[in-house]
Amino acid sequence: MAGESASFAGQGAVSFPGLQPSNAVEATRDNYGLYGDLEWEPTDKLLLGGALRYEDFSDFGDNTSWKVNGRYLLGERKGAIRASYSTGFRAPALHQIYLSNIQTLVSGGTISNQGTFNNVDPIIRDGLGVPQLTAETSKNITAGFTFSPLTNLSLAVDFYNVKIDDRVLFTNEIGFDGDTANDNPVEEILLDNDITSLKFFVNAVNTNTTGVDIVANYKNIAMGAGVLGATIAANFNKTEIEGQIKTPSLLDANGYEIFNRKEQARITTVRPKSKILLGLDYNIEKWNFILNNTYFGEVKWDHGSDPLKDQVFAGKVITDLILGYEFSQKISATIAVNNLLNVYPDELDPKGDVVTDLGGRFKYPWEVNQFGFAGTIINAGLSFKF
């Protein structure tokens, strides 16, 4: 439904107006699912399992997904070996199908109007040949083990691989091609709607993510009058785009990209490929001290078309300290200091693309997902148990 009229009427300098009556859509979805699983222990050490799920959606169809898994216990309760294979399914969200708006942007010293068209709009479906959104499907493999060589020492290693087909993604800006001699359907849409670029959701790419999780924990270490526990945890991962980007034929014929270098980087390089945690937990009498040091690996932002404007943001260590005190069995207090050493990401390169700092409004990267740039945060809490 449309938003409050004051949010879009006479909006002036407001960049993102409210939803106007022309954007209002009444859309509903009904779906139901059936799920069942079965486990079998042929021996006291071996467990085999399987699951089946059927779902039906009123707006685009049904799907059947399944899973098989197994686990084998090692002798003397030292650990286990485990593995699974499953298929997955995700329906496009209603906002991915129906969202539309026009946003005013200031970039590179110029003002532009960017239009988002929804997937049921004839402008997109008929005018540009964009297909109806379909569900994402996936194939998932996991394999790993747990092992406890000593009473207080435990290890766990898990490998995973996730392949997703037909990911629903938001395109890059699609605008004028600069060729005034030959108009094309995109430019006709831009002129008719008084906008400088357009975007839409589309099933665009297939991706392959591979990673490993490693956790080692040593607890009950006597230290003075207290007990210390130590944990090392790490994740290493890599995501790649497989095959060709599925550009609608009409856009492809007119030389348009729908998923440029910047948009591809949102999947492949803007999140850390490594994350390592060293955690210490010390308990003495009524006190509890937790110190975590987390390394967030480097991330990389790619320019839409010019590799010389790419930027790499170095890996950093964030330290968190938590102090806890138990007044009684029912009352306890905590003080948490997140990012104790006030660490910030690398600053945006002033020689890079002016779009990334939005006219100087951003000092730190906002288009990558490494860690926050809020600096040190302190919070306290008091807990009561009834």
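The figures here come from the full heavy-atom set of this structure, side chains too, leaving out hydrogens, waters and symmetry mates.
- Between Phe371 and Phe296, the angle of the ring planes lies from 30° to 60°, which puts this pair in the tilted group.
- Note that the CD1 atom of Ile81 and the OH atom of Tyr72 stand 8.0 Å from one another [nearest 0.5 Å].
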Apply side chain to side chain contact (heavy atoms under 4.5 Å, CB included) to residues Val157 and Val212 and explain how you reach the verdict.
CA-CA 7 Å; Val157 177; Val212 61; 4.0 Å; yes

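- Side-chain atoms of Leu250 and Pro185, non-hydrogen and from C-beta on, do get closer than 4.5 Å to each other.
- Heavy atoms of other residues, nucleotides or ligands lying less than 6.0 angstrom from CZ of Phe89 number more than 12.
- Side chain to side chain, Ser84 and Thr142 meet the donor-acceptor criterion of an N or O pair below 3.5 Å.
- The main-chain N or O of Glu257 is found under 3.5 Å from a side-chain atom of Asn172 such that the two form a donor-acceptor pair.
- Between the CD1 atom of Ile241 and the OG1 atom of Thr207 there is a distance of 8.0 Å, given to the nearest 0.5 Å.
- A salt bridge does not link Asp37 to Lys67: none of the charged side-chain nitrogens sits closer than 4.0 Å to a carboxylate oxygen.
- Pro307 is linked by a side-chain contact (heavy atoms from CB on, under 4.5 Å) to Arg261, Asp310, counting only residues two or more places apart in sequence or in another chain.
- If you take CD on Glu242 and CD1 on Ile164, they are separated by 11.0 Å, rounding to the nearest 0.5 Å.
- The heavy-atom pair separating Thr146 from Ala156 by the smallest distance is CG2-CB, 4.0 Å.
- When atom types are taken as modelled, the side chain of Arg29 and the backbone of Ser58 share no donor-acceptor pair closer than 3.5 angstrom.
- With hydrogens and angles ignored, the 3.5 Å screen pairs a side-chain donor or acceptor of Asn119 with a backbone N or O of Pro131.
- Applying the 6.0 Å contact sphere to CG of Asn379 captures more than 12 heavy atoms from other residues, nucleotides or ligands.
- The main-chain N or O of Glu347 is never found under 3.5 Å from a side-chain atom of Lys363 such that the two would form a donor-acceptor pair.
- Using a 4.5 Å heavy-atom cutoff, the side chains of Ile102 and Asn193 are not in contact.
- When hydrophobic residues (I, L, V, M, F, W, Y) are linked wherever their side-chain heavy atoms come within less than 4.5 Å, the members clustered with Ile322 are Ile290.
- Residues satisfying the side chain to side chain donor-acceptor pair (under 3.5 Å) criterion with Arg271, sequence neighbours excluded, are absent altogether.
- Counting only heavy atoms from C-beta outward, the side chains of Phe117 and Ile195 approach each other to under 4.5 Å.
- Within the 4.5 Å cutoff, no side-chain heavy atoms of Tyr282 are placed close to those of Leu291.
- Between the side chains of Tyr54 and Asp62, at least one donor-acceptor pair of N or O atoms lies under 3.5 Å.
- For Trp66 and Tyr85, the ring centers sit closer than 6.0 Å to each other.
- Counting only N and O atoms by type, the side chains of Gln311 and Asp349 include no donor and acceptor under 3.5 Å apart.
- Atom CZ of Phe236 and atom NZ of Lys273 lie 13.5 Å apart (nearest 0.5 Å).
- Within the structure, every pair that satisfies the salt bridge (charged side-chain N to carboxylate O under 4.0 Å, His left out) test and touches residues 128-146, not counting sequence neighbours, is listed here: Arg90-Glu136.
- Taking a 6.0 Å sphere around CD1 of Ile335, one finds it holds 12 or fewer heavy atoms contributed by other residues, nucleotides or ligands.
- For the atom pair Asn203 CG and Gln132 CD, the distance stands at 9.5 Å (nearest 0.5 Å).
- Side-chain atoms of Leu321 and Leu323, non-hydrogen and from C-beta on, do get closer than 4.5 Å to each other.
- Side chain of Asn292 to main chain of Asp320: no donor-acceptor pair is present (N/O by atom type, distance under 3.5 Å, no hydrogens or angles).
- A donor-acceptor distance shorter than 3.5 angstrom exists from the side chain of Lys199 to the backbone of Thr171, with no hydrogens or angles considered.
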Can you list the steps and then say if Asn254 with Val186 is a side chain to side chain contact (heavy atoms under 4.5 Å, CB included)?
CA-CA 9 Å; Asn254 283 276; Val186 171; 5.9 Å; no

From CA spacing to verdict: side chain to side chain contact (heavy atoms under 4.5 Å, CB included), Val317, Val343:
CA-CA 8 Å; Val317 175; Val343 176; over 6 Å; no

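- Salt-bridge formation is detected for the pair Lys246/Asp166: a Lys NZ or Arg NE/NH1/NH2 atom is positioned less than 4.0 Å from an Asp or Glu carboxylate oxygen.
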How far apart are the C-alpha atoms of Phe259 and Ile267, what are their side-chain angles, what is the distance that settles it, and do they pass the side chain to side chain contact (heavy atoms under 4.5 Å, CB included) test?
CA-CA 11 Å; Phe259 208 60; Ile267 294 176; 3.8 Å; yes

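- Ring pair Trp301/His303 is perpendicular by interplanar angle, where above 60° counts as perpendicular and below 30° as parallel.
- Under the 30°/60° scheme for interplanar angles, the aromatic rings of Phe384 and Phe386 are found to lie parallel.
- Checked by atom type, the side-chain pair Thr196/Asn113 shows no donor-acceptor distance below 3.5 Å.
- With a 6.0 Å radius and a threshold of 12 heavy atoms from other residues, nucleotides or ligands, Lys275 has its NZ atom at or below the threshold.
- In this structure, Glu263 contributes its side chain and Glu173 its backbone to no donor-acceptor pair below 3.5 Å.
- Applying the salt bridge (charged side-chain N to carboxylate O under 4.0 Å, His left out) rule to pairs touching residues 374-386 yields nothing, sequence neighbours excluded.
- Asp302 pairs by the side chain to side chain donor-acceptor pair (under 3.5 Å) definition with Lys300, not counting sequence neighbours.
- Taken to the nearest 0.5 Å, the CG atom of Asn140 stands 7.5 Å off from the OG1 atom of Thr87.
- At distances below 3.5 Å, at least one donor-acceptor pair connects side-chain atoms of Asn118 with backbone N or O atoms of Tyr98.
- Distance alone, capped at 3.5 Å, places no donor-acceptor pair between the Asp56 side chain and the Asn31 backbone.
- Checked by atom type and distance alone, the side chain of Asp252 never pairs as donor or acceptor with a backbone atom of Thr247 at under 3.5 Å.
- There is a side-chain donor-acceptor pair under 3.5 Å between Asp281 and Asn283.
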